[in-house]
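Down below is the structure, laid out as structure tokens.
Letters A, B, ... mirror the listed sequences (proteins, then strands); counts begin at 1.
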2 protein chains.
Amino acid sequence: MAKPPTIVDVAHMLGVAPSTVSRAFNNPRILKPDTVARVLAKAAELGYVPNRHAQALTTGRSGLVGLVIRDVSNPFFARAIRATQREAERLSLNAIVVECDSDADREQRLIDRVLPQVEGLVLASTRLSAARLTELSRRTRVVLVNSDLAGFTRVLASASEALDQGIRLLAGAGARKLAYVGGPPYSWSEAERWGTVRRVAAERGLAVTYVSANMGTYGEGRAAAVSIAEAEVDAVVAFDDVIAHGVLDGLTILGVRVPEDVRLLGCDDALPIETHPRLSTVRLDIEQAFVTAVRALAEGSVSGQRILVPGVLTVRETT
Amino acid sequence: MAKPPTIVDVAHMLGVAPSTVSRAFNNPRILKPDTVARVLAKAAELGYVPNRHAQALTTGRSGLVGLVIRDVSNPFFARAIRATQREAERLSLNAIVVECDSDADREQRLIDRVLPQVEGLVLASTRLSAARLTELSRRTRVVLVNSDLAGFTRVLASASEALDQGIRLLAGAGARKLAYVGGPPYSWSEAERWGTVRRVAAERGLAVTYVSANMGTYGEGRAAAVSIAEAEVDAVVAFDDVIAHGVLDGLTILGVRVPEDVRLLGCDDALPIETHPRLSTVRLDIEQAFVTAVRALAEGSVSGQRILVPGVLTVRETT
DNA sequence: TCTTCACATGCAAACGTTTGCATGTCAGTG
DNA sequence: CACTGACATGCAAACGTTTGCATGTGAAGA
């Protein structure tokens with residue numbers, strides 16, 4: 001691990017000034033093409049790579065964005081990570097991923113830690129209070145995903161419209177009693193989904209019972225199946241696919257057939273696997289949402305706009 | 001986003017030298033306790049936070065480690081990311097995650113990009129050639145996970161022993177014909193697993209057919225079910241749980257019952273969900289593996305040791 | 001009372017870039 | 001042939017730390 005060559009090394013070997021080398025990389029058009037070529041050639045020969053720390057120090061730009069999520073094992077966030085990283089790559093950035101477990105204090109702590117290294121932060125379904133977010137936005141650029149807080153640039157992956165369609169479909173197929181298995185409370189997604197379910201159910205004259213799966217785990221979904229079976233509903237809408245799969249498994253164990261006895265609709269469409277029968281769901285355009293978020297960050301748009309990215313109903317075998 | 005206070009601001013307000021402030025943070029014991037207290041208090045009051053870029057420039061330490069993986073949506077890597085980040089956190093580091101899709105060139109490109117920012121790299125199931133790795137190790141610290149290359153510090157999450165047990169269990173239950181559904185070729189894990197299956201099968205006098213699922217996706221697993229059914233085997237061992245679940249679904253569609261007609265054993269135990277019947281598998285200690293890797297990096301142990309982390313057989317309902 | 005030394009702190013260089021300004025050259029114009 | 005500019009490049013300061021060395025202080029020992 002010999003120490004790498006610096007801009008000065010390259011400059012000396014060529015008998016030019018360090019600034020010339022710097023410009024050959026950052027501002028080649030103001031140099032004589034021949035000079036640029038010589039510098040680049042020599043740099044390649046020596047294996048010169050700019051020192052990002054030094055660059056960051058002078059320019060204030062570190063080339064890093066932070067992505068703050070709740071749970072890496074949730075497939076939703078897998079898609080989020082991939083999209084974020086891909087877009088960052090396109091913008092010559094690197095992404096640093098932080099998992100913070102639905103715990104606001106931990107989230108704050110971890111954010112404080114990455115803060116000094118990043119140019120900006122994408123917060124997915126953050127648990128931070130409005131006050132803390134405002135404070136945060138004074139220290140760095142912030143873009144919110146799936147949090148609808150006025151004044152912030154925010155991207156919302158909306159399931160509302162597709163869910164509406166889905167419920168009408170269920171009602172059309174004869175469903176009268178509905179259960180909604182809710183996910184993490186206080187999240188924008190939960191509020192939007194539960195709100196939509198309640199509203200549309202009311203419009204269509206469907207009864208709806210609420211069952212909770214606060215942590216959003218598979219196990220909770222399976223446990224929820226018991227109360228669902230007791231409630232003798234015709235259809236279930238779940239907060240997301242992980243929960244939906246839990247419900248599916250739970251119902252199967254109890255001898256309830258899906259979709260014959262009960263129809264089931266999930267949300268996200270992010271699972272790396274399928275089950276049998278294949279789950280009907282709302283496919284969210286998570287990629288689009290995070291790509292948009294990263295772009296907004298990079299552009300430095302502190303515009304505070306509210307961007308909605310709609311999902312689409314994907315009917316498979318459980319409805 | 002007013003520009004944050006620097007060490008010099010703090011120093012001036014207190015009438016001390018910048019170096020004193022620096023020492024109050026990094027080397028408090030050589031200062032008068034009272035001074036330390038005053039500095040810390042004033043720093044807190046001003047909201048002073050050390051500039052990591054400047055620190056990185058002088059010390060050469062960026063506080064960042066890179067984690068290079070193949071596929072974020074694979075649950076194996078979800079556990080890897082979590083463990084890495086947690087351990088990094090404990091060591092006051094941040095982790096930067098890079099997904100590179102089983103593509104050596106892309107991997108090289110992305111590594112080159114993060115290289116200047118990180119103190120070291122954890123490469124999980126890398127696709128890089130030995131030559132490239134050697135070259136890489138001259139430029140930064142490298143720890144390998146699930147690649148067994150002599151000379152490098154490497155951590156191996158081994159399924160061998162547990163797989164051996166599992167196959168003996170299958171044989172004991174009367175299995176005579178085995179299928180192995182292989183994952184990404186050229187990976188150490190694949191070599192170890194397939195090697196173990198073949199060896200143990202031979203020892204027990206079992207016939208074994210190889211079916212491939214090169215990309216390691218659910219869909220390939222499901223497709224593989226067809227050839228499995230044709231081969232009329234008694235038991236299937238799959239490279240990992242994602243594939244195993246695909247196989248399970250595929251077999252179910254074909255009317256083959258698991259475990260009655262065919263027994264099924266997966267590997268990893270990382271899925272955020274379960275299916276019905278619950279999958280028997282080898283639970284790998286992925287956390288332990290990555291925690292070890294990060295520690296080795298942080299300690300700067302270029303010792304080149306080979307660390308084996310064994311998995312345990314977890315019998316559930318498919319065997 | 002003078003010397004010695006430990007201890008606490010200050011000074012200034014260094015880390016590797018970027019960038020505003022100064023300088024030098026040369027072609028084109030009058 | 002002198003003058004103006006455009007153009008290419010050099011010079012040096014700045015970014016915010018860390019750290020080896022120098023300095024100043026006061027207490028302990030002689």
All heavy atoms of B/D71 vs all of B/E99, minimum pair found to be CA-OE2, 3.3 Å
Determine whether a donor-acceptor pair (N or O, by modelled atom type, separation under 3.5 Å) exists between the side chain of B/N26 and the backbone of B/S22.
yes
The answer to which of A/L57 and B/P33 contacts DNA chain C further toward the 5' end, by nearest nucleotide, is B/P33
Outer limits of DNA chain D sitting under 4.0 Å from a non-hydrogen atom of chain A, read 5' to 3', are D/dA8 to D/dG16
Problem set entry | Heavy-atom side-chain contact between A/L67 and A/V98 under 4.5 Å | no
Heavy-atom closest pair (A/E119 atom, A/T140 atom, distance to 0.1 Å) is O-OG1, 3.6 Å
Mind checking if A/V49 touches a base, just sugar-phosphate, or nothing, with heavy atoms under 4.0 Å?
sugar-phosphate
Heavy-atom nearest nucleotide on DNA chain C taken for B/L31 and for B/T58; more 5' hit belongs to B/L31
Looking at A/D9 and A/K42, is any side-chain nitrogen of the basic one under 4.0 Å from a carboxylate oxygen of the acidic one?
no
Review point. Are any non-hydrogen side-chain atoms of A/V145 and A/R154 less than 4.5 angstrom apart?
Key: no
Just checking B/F25: does its CZ atom have more than 12 heavy atoms from other residues, nucleotides or ligands closer to it than 6.0 angstrom?
yes
In numerical order, the residues of residues 6-30 of chain A whose heavy atoms come under 4.0 Å of DNA chain C are A/T6, A/I7, A/S19, A/S22, A/R23, A/N26
**Prompt:** Do any N or O atoms from the side chain of B/R141 and from the backbone of B/L121 form a donor-acceptor pair under 3.5 angstrom?
**Reply:** no
